[in-house]
Amino acid sequence: MPKKTVIPFGPQHPILPEPIHLDLVLEDEKVVDALPSIGYVHRGLEKLVEKREFTEYVYVIERICGICSFIHGLSYCQAIEEIMGIDVPERARFIRTMGSEYSRTHSHLLILGCIADGMGFENLFMGLWKARERVLNRMEESFGGRIIQGTCKIGGVKKDITGETLDKMIIELDAIDREMKEMTEILLKDDAVRHRLKKVGYISRDDAYHLGAVGPTARGSGVRIDMRERGYAAYDKIKFAPVLESGGDCYARTAVRVGELFQSTDIIRQCIRKMPDGPTETKVIGNPSGEYASRVEQPRGEAVHYAKANGTRYLSRFRIRTPTFANIPPLVEMLRGCELADVPVIILSMDPCISCTER
Amino acid sequence: MSYFQMLKTTIKTLLSRPATLMYPKKPAQKFKSTRGKIEIDIERCIFCGNCQRKCPCVAICVDRNERTWEIDRYRCVICNCCVEVCPVKCLRCDNDYTKPSTEANVKDKFKQQKPQ
Amino acid sequence: MKEEQPVRNIEPNDLPGNAEEYRKNGFRFVQACCTKLAENIFEITYSFDKDYKFENLRITVTQETEIPSVSGVYKGTFLYENEIRELFGVNIKGINVDYNGHLYKKKMNHPFNTDTNKADETCQRKQ
């Protein structure tokens with residue numbers, strides 16, 4: 001009977017972008033089981049809701065995570081607006097959609113670069129992050145911050161975007177598309193990269209659905225879950241279809257993310273064309289009372305923001321269920337039966353965002 | 001079989017200008033709406049204390065008797081909350097970032113010179 | 001256009017039976033959330049989703065009530081139940097991957113069970 005060894009992986013590891021800890025049970029280089037352990041960046045942000053008023057809590061929510069900051073703020077504002085019955089003007093909805101899609105583009109470019117770095121292909125990693133710089137410049141010019149945009153507020157958005165900024169954006173989007181196409185073709189077509197990604201980290205369609213996988217982890221196995229189809233913000237006026245692949249391995253998940261990159265730039269172009277004129281915010285009067293769970297599509301999957309309010313200025317409970325929290329059980333399933341050298345690529349293809357998971 | 005797909009891009013990048021910026025020798029790039037740091041026009045301040053109450057990071061200290069306004073640069077997250085609630089609009093957001101420093105607490109204090 | 005999110009109140013012992021019903025009808029598990037209503041009264045909400053329809057089950061318990069786990073039905077729920085048990089102190093029995101209180105490294109037991117005062121925070125110098 002082969003001997004079993006337990007080796008710790010993380011939280012500090014040169015490959016990992018985020019501190020997650022896994023205890024891997026090995027039998028001669030094959031992983032038999034994995035035990036995840038989280039809690040290294042737990043800041044107790046859900047308890048802070050008792051000390052910050054509901055209009056100021058949006059600043060805390062935006063700073064849960066650096067990569068998915070815009071969509072966290074958007075989801076919080078949506079939850080409070082649905083409880084209070086506030087109608088957000090059309091122009092604000094389109095600006096929010098545009099910000100979400102920029103956020104998705106920069107997040108996917110980040111993790112594709114990290115996957116290339118995890119395989120040792122540093123040249124491609126730098127090339128993908130160079131394309132990401134253009135996206136960050138556009139976000140800084142229109143919203144004010146590269147990583148923390150600080151745009152969403154209850155009732156609309158804080159600042160308007162001028163017509164000339166929008167015109168400049170359309171020209172830049174072509175340049176962004178060209179650079180992305182050049183880099184992602186290498187990712188999908190080069191044989192050296194395919195050998196590391198194909199048939200690695202397989203999860204079947206039924207397993208992915210019943211273990212609770214969301215986002216590209218689920219869509220790479222053929223499960224059709226995309227919260228944007230529900231039609232929040234301005235998505236009911238935009239034409240798009242979720243990107244699905246049926247491979248179930250790391251290559252399929254990477255292909256889903258590459259497909260979503262180009263879909264995002266297409267959605268931004270549609271937003272700029274269809275953006276109506278008008279006000280960008282509505283006034284907020286009174287206190288919220290009731291409960292609602294707002295569900296949005298983050299770059300990593302479905303995020304649920306559940307708010308419960310009791311009529312005072314402080315919310316009584318705010319709970320965030322981030323996509324990585326739901327993707328950890330499928331990760332444990334994917335790691336069973338793989339080689340030790342494939343573990344970093346599998347974890348990166350699941351796209352962990354641990355600072356979201358440990359709020 | 002397709003290997004070495006990256007070769008064309010690598011040679012192109014080798015022969016062109018670097019894409020990075022020599023910061024701090026060259027100044028960092030910034031745009032008009034970049035949120036850099038908070039500045040105050042101290043002569044117009046009425047010391048109501050609204051910015052101190054609304055700051056989510058407790059970074060501002062307002063002293064009415066001594067007529068000073070102090071901000072802790074590294075506690076501030078440049079969220080613009082104080083700029084929005086100021087009743088006389090004497091706060092604004094500059095698009096220059098705070099310079100790096102080797103001390104722990106960098107506090108900027110402004111004293112009003114207006115004679116009573 | 002507020003979306004309908006129905007909530008059904010049930011007894012704790014009916015929890016695995018209802019979860020099995022949802023699983024047979026093709027629902028997937030979304031989240032489990034615990035709220036403190038008053039001293040020693042907690043309310044746990046389990047949410048399920050299918051084709052973007054969102055439904056909830058709710059149980060009201062104290063710290064002494066024994067709650068059966070849903071991880072026999074939905075295998076991926078061990079993280080939610082371990083977290084609720086550690087942060088609030090409710091008694092959930094039979095979780096398939098049990099961390100026995102060591103999921104988070106904390107200074108005190110059940111940190112979310114305490115009450116914080118809502119007093120204004122004064123500026124740094126006066127604290």
Side-chain angles (χ1 to χ4, degrees), chain A residues 35-40 42 44 46-53 81-83 85 87 207-214 218 223-227 229-232 236 290-295 302 304 306 308 312-314 316-322 325-330 332-333 357-358, chain C residues 1-5 7 22-23 26-38 42-45 47-56 58 71 73-80 82-84 86-87 96-99 102-106 111-121:
Chain A
L35 187 66
S37 177
I38 53 180
Y40 289 94
H42 190 100
E46 292 183 355
K47 191 97 175 111
L48 200 53
V49 78
E50 300 173 10
K51 277 186 148 185
R52 300 269 179 271
E53 300 183 2
E81 282 155 10
E82 289 285 339
I83 294 180
D87 213 2
D207 269 342
Y209 189 75
H210 283 291
L211 283 174
V214 288
V223 180
R224 190 189 171 110
I225 303 179
D226 190 339
M227 285 296 137
E229 288 188 317
R230 277 184 51 233
Y232 64 91
D236 44 359
E291 61 177 358
Y292 187 72
S294 146
R295 299 186 291 157
E302 166 206 25
V304 181
Y306 168 75
K308 190 178 169 103
T312 61
R313 305 267 323 157
Y314 298 90
S316 70
R317 176 79 166 114
F318 194 79
R319 152 100 172 142
I320 306 159
R321 199 292 313 256
T322 47
F325 204 77
N327 275 338
I328 291 186
V332 171
E333 180 65 32
T357 313
E358 290 316 310
Chain C
M1 48 133 232
K2 194 165 162 177
E3 180 197 30
E4 273 299 312
Q5 294 179 345
V7 177
Y22 274 123
R23 189 192 156 115
F27 278 75
R28 68 182 169 99
F29 189 81
V30 176
Q31 68 150 359
C33 167
C34 182
T35 315
K36 184 173 172 184
L37 295 178
F42 302 95
E43 166 188 276
I44 311 186
T45 311
S47 312
F48 302 88
D49 169 81
K50 179 183 171 180
D51 291 337
Y52 312 128
K53 278 200 309 275
F54 196 66
E55 305 200 3
N56 302 303
R58 189 167 280 176
S71 51
V73 180
Y74 284 101
K75 292 196 179 23
T77 56
F78 57 92
L79 276 180
Y80 300 101
N82 274 300
E83 185 193 24
I84 291 179
E86 267 198 54
L87 292 177
N96 57 356
V97 179
D98 202 338
Y99 284 83
H102 293 297
L103 182 63
Y104 296 136
K105 299 169 185 33
K106 39 193 199 303
F112 279 27
N113 207 358
T114 55
D115 278 320
T116 47
N117 55 337
K118 296 193 190 9
D120 273 342
E121 282 167 17

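Not measured: the values here are computed from a predicted model. So that the names make sense, note that chain A is the first sequence line, chain B the second, and so on, each numbered from 1.
Looking at C:Tyr99, only its side chain comes within 4.5 Å of chain A, counting heavy atoms on both sides. Within the 4.5 angstrom heavy-atom criterion, no atom of A:Val332 approaches chain C. The part of A:Arg224 that comes within reach of chain C is its backbone (N, CA, C, O), which places non-hydrogen atoms under 4.5 angstrom from that chain. At a 4.5 Å heavy-atom cutoff, the contact between A:His42 and chain C is made by side-chain atoms alone. Residue contact with chain C, scored on non-hydrogen atoms closer than 4.5 Å, is absent for A:Pro330. When heavy atoms are compared at a cutoff of 4.5 Å, A:Phe325 approaches chain C by way of both its backbone and its side chain.
Contact count against chain C (heavy-atom pairs under 4.5 Å) is highest for A:Ile225 among A:Ile225, A:Ile328, A:Val304, A:Val214. For the set A:Ala213, A:Ala326, A:Pro36, A:Gly44, the count of heavy-atom pairs under 4.5 angstrom toward chain C peaks at A:Pro36. No other option in A:Arg295, A:Lys308, A:Met227 has as many heavy-atom pairs under 4.5 Å with chain C as A:Arg295.
Residues passing the side chain to side chain contact (heavy atoms under 4.5 Å, CB included) test with C:Glu86, sequence neighbours excluded: C:Leu103, C:Tyr104, C:Lys106.
The CD atom of C:Gln5 lies 13.5 Å from the NZ atom of C:Lys53; values are rounded to the nearest 0.5 Å. Going from atom OG1 of C:Thr45 over to atom OH of A:Tyr306 covers 4.5 Å, rounded to the nearest 0.5 Å.
Ring planes of C:Tyr74 and C:Phe48: tilted class, angle from 30 to 60°.
Residues A:Glu50 and A:Tyr314 have side chains not in contact (no heavy-atom distance under 4.5 Å, counting atoms from C-beta outward). Contact of the C:Tyr80 side chain with the A:Arg321 side chain is registered, since non-hydrogen atoms from C-beta on lie closer than 4.5 Å.
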Listing, residues 28-36 of chain C side-chain donor-acceptor contacts under 3.5 Å, not counting sequence neighbours, or none:
| unit_1 | atom_1 | unit_2 | atom_2 | d |
| --- | --- | --- | --- | --- |
| C:Arg28 | NE | C:Asp49 | OD2 | 3.3 |
| C:Arg28 | NH1 | A:Glu302 | OE1 | 3.2 |
| C:Arg28 | NH2 | A:Glu302 | OE1 | 3.3 |
| C:Arg28 | NH2 | C:Asp49 | OD2 | 3.0 |
| C:Gln31 | OE1 | A:Arg319 | NE | 3.4 |
| C:Lys36 | NZ | C:Asn113 | O | 2.7 |
| C:Lys36 | NZ | C:Asn113 | OD1 | 3.3 |

